[in-house]
Amino acid sequence: MPHTYDPTNIFARILRGEIPNKTVIETDHTLAFHDIRPLAPHHVLVIPKGPYVTFDHFALEATEAERADFVAAIGTVCRDHGIQPGEGGSGYRAISNAGDDGVQEVPHLHMHILSGRMLGRMVAKPTA
Ligand code: AMP
């Protein structure tokens, strides 16, 4: 089934300047800003400016320029926060939730970059 992009989602509204955000970096194709409900000392969301719903949607349908810009922006966020393990940083987690099983709240692709504390295991085990 094709992806259907909802232009009323909150990140689309941020991109249109209709609601404020705390910008970390902005490039031609990408915006990074602080998550409004941070789950770690540093919690940044990196989003493409184009209308992509999920990471797979973006990976398969974005232009080469959009993909390169998005990946580079994630690298810039990690570098600027000093969290790169290879550069003496203490690490981070990059997560992109997709769809119902991924518990995606906002239907515009976003990569969470979480850092600044021990983040625990990747996924909580089922309790039942
Ligand atoms: P997800 O569950 O992966 O879709 O995550 C959506 C994220 O967007 C959550 O971590 C929210 O805290 C964050 N969020 C929602 N509205 C805003 C907003 N206006 N500015 C910044 N972050 C937001």
Side-chain angles (χ1 to χ4, degrees):
M1 197 165 83
H3 295 279
T4 304
Y5 184 79
D6 172 9
T8 67
N9 79 75
I10 197 139
F11 294 168
R13 296 183 61 206
I14 285 176
L15 287 167
R16 288 195 296 269
E18 293 169 6
I19 55 174
N21 74 92
K22 289 172 68 179
T23 298
V24 175
I25 53 167
E26 180 169 10
T27 65
D28 286 349
H29 299 290
T30 310
L31 180 69
F33 53 97
H34 292 283
D35 196 293
I36 205 165
R37 293 188 298 271
L39 296 172
H42 302 293
H43 187 169
V44 173
L45 300 173
V46 185
I47 70 172
K49 291 183 176 177
Y52 302 102
V53 182
T54 56
F55 188 79
D56 62 283
H57 185 202
F58 179 78
L60 294 172
E61 297 188 20
T63 65
E64 190 60 38
E66 288 174 314
R67 289 196 301 254
D69 195 77
F70 183 73
V71 172
I74 291 170
T76 301
V77 168
C78 293
R79 185 193 62 205
D80 291 355
H81 280 82
I83 57 178
Q84 297 164 275
E87 298 289 338
S90 55
Y92 60 91
R93 182 163 296 147
I95 305 171
S96 186
N97 298 317
D100 293 340
D101 282 359
V103 196
Q104 181 178 10
E105 179 188 330
V106 180
H108 182 115
L109 166 62
H110 47 286
M111 189 69 74
H112 298 257
I113 308 293
L114 298 140
S115 63
R117 69 168 172 84
M118 166 54 69
L119 294 161
R121 298 288 297 175
M122 182 170 66
V123 178
K125 291 182 181 168
T127 49

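As the structure is a prediction and not an experimental result, all values here were calculated from the model.
- Hydrophobic cluster membership is shared by Met111 and Ile25, with clusters built from Ile, Leu, Val, Met, Phe, Trp and Tyr side chains linked at under 4.5 angstrom.
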- Item | side-chain contact (heavy atoms from CB on, under 4.5 Å) assessment of Thr27 paired with Thr76 | CA-CA 11 Å; Thr27 65; Thr76 301; over 6 Å; no
- Task: I would like to know whether Asn97 and Val103 meet side-chain contact (heavy atoms from CB on, under 4.5 Å); could you show each step before the answer?
- Result: CA-CA 6 Å; Asn97 298 317; Val103 196; 5.7 Å; no
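- In this pair, His34 and His81 present their aromatic rings perpendicular. The plane angle is above 60°, beyond the 30 to 60° band.
- Note on Lys49 versus Glu26: salt bridge recorded, some NZ/NE/NH1/NH2 to OD/OE distance being below 4.0 Å.
- Not counting sequence neighbours, the partners of Ala98 by the side-chain contact (heavy atoms from CB on, under 4.5 Å) test are Thr54, Gln104.
- Ile36 and Phe11 fall into different hydrophobic clusters, defined by Ile, Leu, Val, Met, Phe, Trp and Tyr side-chain heavy atoms under 4.5 Å apart, directly or through other members.
- Hydrophobic clustering (ILVMFWY, side-chain heavy atoms < 4.5 Å, transitive): Phe70 and Leu45 are in distinct clusters.
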- I would like to know whether Asp56 and His3 meet side-chain contact (heavy atoms from CB on, under 4.5 Å); could you show each step before the answer? CA-CA 10 Å; Asp56 62 283; His3 295 279; 3.1 Å; yes
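- Heavy atoms of other residues, nucleotides or ligands lying less than 6.0 angstrom from OH of Tyr5 number more than 12.
- Taking CG of Leu15 as the start and CD1 of Ile10 as the end, the distance is 11.5 Å to the nearest 0.5 Å.
- Neither Ile95 nor Tyr92 shares a network with the other; the hydrophobic side chains, linked directly or stepwise wherever heavy atoms of I, L, V, M, F, W or Y lie under 4.5 Å apart, form separate groups for each.
- Ring pair Phe58/Tyr52 is perpendicular by interplanar angle, where above 60° counts as perpendicular and below 30° as parallel.
- Partners of Arg16 by side-chain contact (heavy atoms from CB on, under 4.5 Å), not counting sequence neighbours, listed by chain and number: Pro7, Ala12, Arg13, Glu18.
- Taking Ala65 as the reference, His29, Thr63 meet the side-chain contact (heavy atoms from CB on, under 4.5 Å) condition, with sequence neighbours excluded.
- Of all heavy-atom pairs spanning Gly91 and Ser115, the tightest one is O-CB, 3.6 Å.
- Ile14 and Val77 fall into different hydrophobic clusters, defined by Ile, Leu, Val, Met, Phe, Trp and Tyr side-chain heavy atoms under 4.5 Å apart, directly or through other members.
- Rounded to the nearest 0.5 angstrom, Arg67 CZ and Thr30 OG1 are separated by 12.5 Å.
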- Message: Applying side-chain contact (heavy atoms from CB on, under 4.5 Å) to Asp35 and His112, what does each step give before you reach the verdict?
- Response: CA-CA 8 Å; Asp35 196 293; His112 298 257; 4.0 Å; yes
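- Arg117 places a side-chain N or O within 3.5 Å of a backbone atom of Leu39 that can act as its donor or acceptor partner.
- The CD1 atom of Ile113 sits 9.0 Å away from the NE2 atom of His43 when rounded to the nearest 0.5 Å.
- Side-chain rings of His110 and His108 stay apart, their centers remaining 6.0 Å or farther from each other.
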